[in-house]
Amino acid sequence: MATRATSAGAKPPLYKIVMLGDSYVGKTSLVARLTNPSKALNHDTSATMGIEFDTQMLDTPEGKVKAQIWDTAVSERFARVLLPTYFRNAKGVILVYDITNLKSFDSLSERWMTQLNDHASSDEIAKLLVGNKSDLDAEREVPRATAEAFCTQYGLEMLETSAKLVGEAGNVPQSFRKLISIVHERALAASANSRGGIQSISRGAPHNTVRLDEEEGTVNGDTSACGC
Ligand code: G3D
Ligand code: MG
């Protein structure tokens with residue numbers, strides 16, 4: 001049974017975040033770095049089949065929130081069927097490219113932004129651009145200025161990261177915190193707007209959050225959204 005957050009002893013709100021970008025740019029590694037900050041990157045990152053997600057508590061200026069981070073393989077065979085489920089209820093997206101691979105950057109405008117617009121309400125989903133593999137600067141193919149121009153065009157912020165670097169050194173936790181802070185601020189603003197001048201009758205989690213149920217990983221009691 002679903003439990004609702006209340007102002008006293010409230011559970012942190014849960015927001016669904018999705019990873020998007022070409023294969024091999026480091027999406028799975030970024031999630032692994034966030035959830036295992038000090039672990040060497042020697043886990044099996046080669047076969048993200050279908051959809052999987054991880055949850056992580058993150059600090060924002062407005063308090064703690066929980067991110068449910070979805071990661072998928074980009075195989076076309078899977079992607080077509082799974083994309084609606086993947087984007088359903090998503091509040092934020094991390095668009096990832098590899099700074100040493102220009103094609104992975106071009107794919108963002110040629111492919112991934114289209115997928116995003118087709119399957120998610122682009123205005124409602126917060127976006128962050130992440131240029132990964134910043135430790136390989138000597139092999140860089142995507143100048144930072146090119147990525148910044150993309151950000152100006154699409155109205156989003158960016159960070160360069162390295163999933164190879166442990167802790168905060170690779171900018172990975174910072175990236176997830178930046179996106180989740182934007183998501184949380186938007187949710188709080190939307191909640192305040194929807195209440196208008198009326199006194200709150202349901203304080204706690206903002207109205208447009210995905211609530212965390214008793215059973216970890218279920219969303220509003222609806223396991224169908226999990227794809228698991
Ligand atoms: P994906 O989930 O987007 O497909 P992966 O990408 O996370 O599976 O990563 C693809 C490869 O890039 C992996 O190499 C991984 O170790 C490497 N990688 C990921 N992030 C970084 C990074 O920031 N810097 C460097 N140098 N490599 C990174 P392998 O060889 O293990 O397949
Ligand atoms: Mg992967």
Side-chain angles (χ1 to χ4, degrees), residues 16-56 67-83 85-87 90 92-116 119-120 125 127-144 146-148 150 156-179 217 226-228:
K16 177 178 170 182
I17 303 296
V18 298
M19 307 298 290
L20 215 54
D22 276 5
S23 201
Y24 210 68
V25 295
K27 301 180 300 297
T28 302
S29 302
L30 288 166
V31 179
R33 172 59 62 225
L34 177 75
T35 52
N36 300 293
S38 57
K39 204 174 163 193
L41 207 57
N42 59 358
H43 50 277
D44 176 16
T45 55
S46 60
T48 319
M49 302 298 285
I51 295 175
E52 57 193 22
F53 66 81
D54 229 321
T55 54
Q56 182 73 22
Q68 185 184 65
I69 306 152
W70 290 46
D71 184 21
T72 188
V74 291
S75 159
E76 278 292 337
R77 197 157 59 91
F78 287 107
R80 277 211 195 95
V81 182
L82 296 178
L83 275 174
T85 304
Y86 196 59
F87 284 115
V93 57
I94 297 196
L95 291 151
V96 189
Y97 68 96
D98 171 353
I99 68 155
T100 72
N101 179 349
L102 184 59
K103 189 177 167 296
S104 74
F105 179 76
D106 290 340
S107 282
L108 294 177
S109 47
E110 288 167 8
R111 178 177 181 190
W112 297 115
M113 290 302 281
T114 311
Q115 299 274 24
L116 191 57
H119 293 282
I125 194 162
K127 304 176 208 73
L128 182 73
L129 181 66
V130 162
N132 191 38
K133 308 195 187 181
S134 61
D135 56 294
L136 301 178
D137 196 49
E139 297 164 41
R140 179 188 286 272
E141 285 186 4
V142 185
R144 209 189 151 94
T146 306
E148 283 168 356
F150 178 91
L156 47 131
E157 294 189 58
M158 76 161 289
L159 280 174
E160 290 191 348
T161 59
S162 171
K164 284 279 181 199
L165 301 180
V166 298
E168 306 259 322
N171 249 350
V172 178
Q174 293 92 321
S175 301
F176 285 96
R177 284 201 300 265
K178 188 184 251 300
L179 179 68
C226 297
C228 52

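We count residues from 1, following the sequence as given. First listed ligand is number 1; within each ligand, the first listed atom is number 1. Just so we're clear, the structure is a prediction, and the values are computed from it rather than from any experiment.
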Next on the checklist: I'd like to know if Lys103 and Asp106 make a salt bridge, using a cut-off of under 4.0 Å between side-chain N and carboxylate O.
Outcome noted: no
Checklist entry - So is Lys133 polar-close to ligand 1, meaning N/O to N/O under 3.5 Å? => result yes
Checklist entry - Going by the atom numbers of ligand 1, which of them fall below 4.0 Å from some non-hydrogen atom of Ser23? => result 4 (O)
Next on the checklist: I want to check something: taking the side chain as every heavy atom from C-beta on, are Tyr86 and Gln115 in contact at a cut-off of under 4.5 Å?
Outcome noted: no
Next on the checklist: So if I count the atoms of ligand 1 from 1 in the order they appear, which ones are less than 4.0 Å from some heavy atom of Ala163?
Outcome noted: 20 (N), 22 (C), 23 (O)
Item to check | Close approach of Asp22 to ligand 1, heavy atoms, under 4.0 angstrom | outcome: yes
Item to check | side-chain contact (heavy atoms from CB on, under 4.5 Å) against Ala90, all qualifying residues, sequence neighbours excluded | outcome: Lys16, Val18, Ile125
Checklist entry - Taking atom types as modelled, is there a side-chain donor on Asp71 or Thr28 under 3.5 Å from an acceptor on the other? => result yes
Checklist entry - Is a side-chain N or O of Thr146 found less than 3.5 angstrom from the main chain of Val142, in a donor-acceptor match? => result no
Item to check | Identified side chain to side chain contact (heavy atoms under 4.5 Å, CB included) partner of Leu128 from the options Val93, Leu179, Leu95 | outcome: Leu179
Checklist outcome for this item: Numbered in order shown, the ligand 1 atoms found under 4.0 Å of a heavy atom of Thr28 are 2 (O), 7 (O)
Item to check | Which residues share a side-chain contact (heavy atoms from CB on, under 4.5 Å) with Glu141, sequence neighbours left out | outcome: Leu102
Checklist entry - Do Tyr97 and Met158 come close enough that some side-chain heavy atom pair is under 4.5 Å? => result yes
Checklist entry - Any idea which of Glu160, Lys164, Lys27 brings a heavy atom closest to atom 25 (C) of ligand 1? => result Lys164
Next on the checklist: Heavy-atom pairs closer than 4.0 Å: do any link ligand 1 to the side chain of Leu136, the backbone, both, or neither?
Outcome noted: side chain
Checklist entry - Numbering the atoms of ligand 1 from 1, which are under 4.0 Å from a heavy atom of Ser162? => result 23 (O)
Next on the checklist: Using a distance threshold of 2.8 Å, state whether an N, O or S atom of Thr28 lies below it from the Mg ion (ligand 2).
Outcome noted: yes
Item to check | Under 4.0 Å to a heavy atom of Asp135 - the qualifying atoms of ligand 1, by number | outcome: 22 (C), 23 (O), 24 (N), 25 (C), 26 (N)
Checklist entry - Looking only at distance, does Ser29 have an N or O less than 3.5 Å from an N or O of ligand 1? => result yes
